[in-house]
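Per chain, numbering begins at 1; letters A, B, ... match sequence-line order. For clarity, every value in this text was computed on a predicted model and none was experimentally measured.
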There are 2 protein chains.
Amino acid sequence: MREGPDIARIASLVGDPARANMLNALMGGTALTASELAHEAGVSLPTASSHLGKLMEGGLLTVASQGRHRYYGLAGPQVAGMIEAITGVAEAVGPKRVRPGPRDGAMRVARVCYDHLAGEQAVAMLDRLVAKNVLVRDEQQIRLGPSAASHFAAIGIDVYTRPRRPVCRACLDWSVRRSHLAGTLGAAILDKILADKWARREKDSRAVIFSLPGKQAFERVFLR
Amino acid sequence: MREGPDIARIASLVGDPARANMLNALMGGTALTASELAHEAGVSLPTASSHLGKLMEGGLLTVASQGRHRYYGLAGPQVAGMIEAITGVAEAVGPKRVRPGPRDGAMRVARVCYDHLAGEQAVAMLDRLVAKNVLVRDEQQIRLGPSAASHFAAIGIDVYTRPRRPVCRACLDWSVRRSHLAGTLGAAILDKILADKWARREKDSRAVIFSLPGKQAFERVFLR
DNA sequence: CGCATAGTTCGTTCCTCATCGAAGCATTCT
DNA sequence: AGAATGCTTCGATGAGGAACGAACTATGCG
């Protein structure tokens, strides 16, 4: 009876375990093939194909055909944000993890959230950038502060080169329950962290592992 | 295979249309009874009760027993944020609103919401009553103002005769996204509108169609 | 070409879960 | 106490949809 956007339709897409696993895997930010996603989800290829079709039809995924491969990826940051939000609730109400393994610890500290950094490190970074007035924040909005351009230029990031998406966006961190930095700036910072080899991606996981010198460099640049 | 919080479980809770409607209704911030939610969702009371049990078990709702009523509300802002996020995606990918037919127009202007009037007319009425200080409102709470008794007595409504439910309640209007008046007073006003034949119910619809003199009477009494 | 790999489509099977009526508590009104 | 109201539990029914094997299409390789 009720009108408005069909939230049940979207939620039910995420509500199937196989599809949820696929979406989770895609939260790493890299597009994956149908076979890889089938493996991630623990289902057969036909089943995966059917799920992917539904996710596509629901507008949650994009696909790029390359040769005989089809690379599926999240449709955009809004979808990623939604998954984060659902993850946050699941984490909050879910059965208390009996014993958080070491891998969970790493995830908590730093991980990839679609295309930017999340976790304690990322939250601390945003806090510090706001405290230094490099970024200005009111509520969920984040904007560049007066010194932003020069500040980021000093570490090799041009805040004006990526005009397509919003430069700054707040993204709620499920492990810390506070916001971290998304948007093109967040993506550029993650790029730099990986390009400069401050950290590496854990295989088959969203975890981001900092090396000791990498961590020190990160702290010097972003937490001071 | 994948670890982490069980996002499919949470999403599937939202993924049922009946439950989604309930959650949507609760997004207004006011707690609602099981019967009201059953009506909102368009399902029978047993069905609603089952859904509410699941939402409770999933940790998405809280409940407060007051006498023989059970008031259900969202478990917290995090849950509300999740619903907002899902709504945002649904809005973005959803079917482009084709063309709101005439019936939708009528629904938008005035309709029945459980037992009281909703829609633009109802929102305007509440605004006016608050502006005239007949009703006093702070946040989601609405109370009778000093002149309420005499004001409503003049049009044949005794504000004290129906002690069973709260006299005034705010109810979020989905078409206008602002509150209108619910509670026994809201119900009494709708009764009067229909009893005095200012308007009639559209068959098999929630729409309420005002006659021309009825509309004038309504405006004279409530919008001036 | 013929063979291998990557994906989708089809048809069938099976199971979960939404639904409602009837009956059972609980609370409040008279 | 008895009646009315609000809500939950139980049991039966039915529909939707997740799963996979087999067959089909498409791309790449020798």
*Mind calculating the distance between CZ (A/R9) and C1' (D/dG16) to the nearest angstrom?*
15 Å
*A/E36 side chain to A/T33 main-chain N or O, any donor-acceptor pair under 3.5 Å?*
yes
_Pair A/R108 + A/E91: basic N to acidic O under 4.0 Å_ = yes
*B/H69 has an atom NE2; how far is it from atom P of D/dG6, in whole Å?*
6 Å
_Separation of C/dG7 C1' from A/H51 NE2 (nearest whole Å)_ = 15 Å
*Any sub-3.5 Å donor-acceptor pair from A/T47's side-chain atoms to A/V43's backbone N or O?*
no
_What is the distance, to the nearest angstrom, from the CE atom on A/M22 to the P atom on D/dA18?_
11 Å
_Starting the side chain at C-beta, find the nucleotide from C/dA18, D/dC7, C/dT8 nearest to A/Y72._
C/dT8
*asked:* Looking at B/K54, I'd like to know whether one of its side-chain N or O atoms comes within less than 4.0 Å of OP1 or OP2 on C/dC17.
replied: no
*asked:* Need to verify one output field. Residue with the more 5' nearest nucleotide on DNA chain D, B/L52 or A/A18?
replied: B/L52
*Can you figure out which of C/dG7, D/dG6, D/dC20 approaches the side chain of A/S44 most closely?*
D/dC20
*asked:* Mind checking if A/Y71 touches a base, just sugar-phosphate, or nothing, with heavy atoms under 4.0 Å?
replied: nothing
*Nearest to the side chain of B/R19, which nucleotide is it out of D/dA18, C/dG7, C/dA18?*
C/dA18
*asked:* Less than 4.0 angstrom between a side-chain N/O of A/T47 and OP1 or OP2 of D/dC20, yes or no?
replied: yes
_Nearest listed nucleotide, side chain of A/R70, among C/dT9, C/dG7, C/dA18_ = C/dG7
*Closest to the A/P46 side chain, choosing from C/dA6, C/dT8, C/dT27*: C/dT8
*Between C/dT8 (C1') and A/L37 (CG): distance, integer Å*: 15 Å
*asked:* Can you identify which nucleotide, out of D/dC7, C/dA6, D/dA19, has its nearest atom closest to the B/A34 side chain?
replied: D/dC7
*asked:* Measuring from the side chain of B/L45 (C-beta onward, heavy atoms only), which nucleotide among D/dC7, D/dA4, C/dA4 has the closest atom?
replied: D/dC7
*Within the side chain of A/R19, is there an N or O that forms a donor-acceptor pair under 3.5 Å with the backbone of A/S12?*
yes
*When all nucleic acid strands are considered with a 4.0 Å heavy-atom cut-off, which category describes A/S50: base, sugar-phosphate, or nothing?*
nothing
*Heavy-atom neighbours of B/K215 NZ exceed 12 at 6.0 Å*: no
*Taking atom C1' of D/dC7 as reference, at what distance in whole Å does atom CE of B/M56 sit?*
14 Å
*Return the value, rounded to whole Å, for the distance between atom CD of A/E57 and atom P of C/dT9.*
11 Å
*asked:* Looking at B/K132, I want to see if its NZ is surrounded by more than 12 non-hydrogen atoms of other residues, nucleotides or ligands under 6.0 Å.
replied: yes
*Once you round it to whole Å, what is the distance between P of C/dG7 and CG of A/L55?*
16 Å
*Considering only side-chain heavy atoms of A/R68, which listed nucleotide, D/dT8, D/dG6, D/dT27, is closest?*
D/dT27
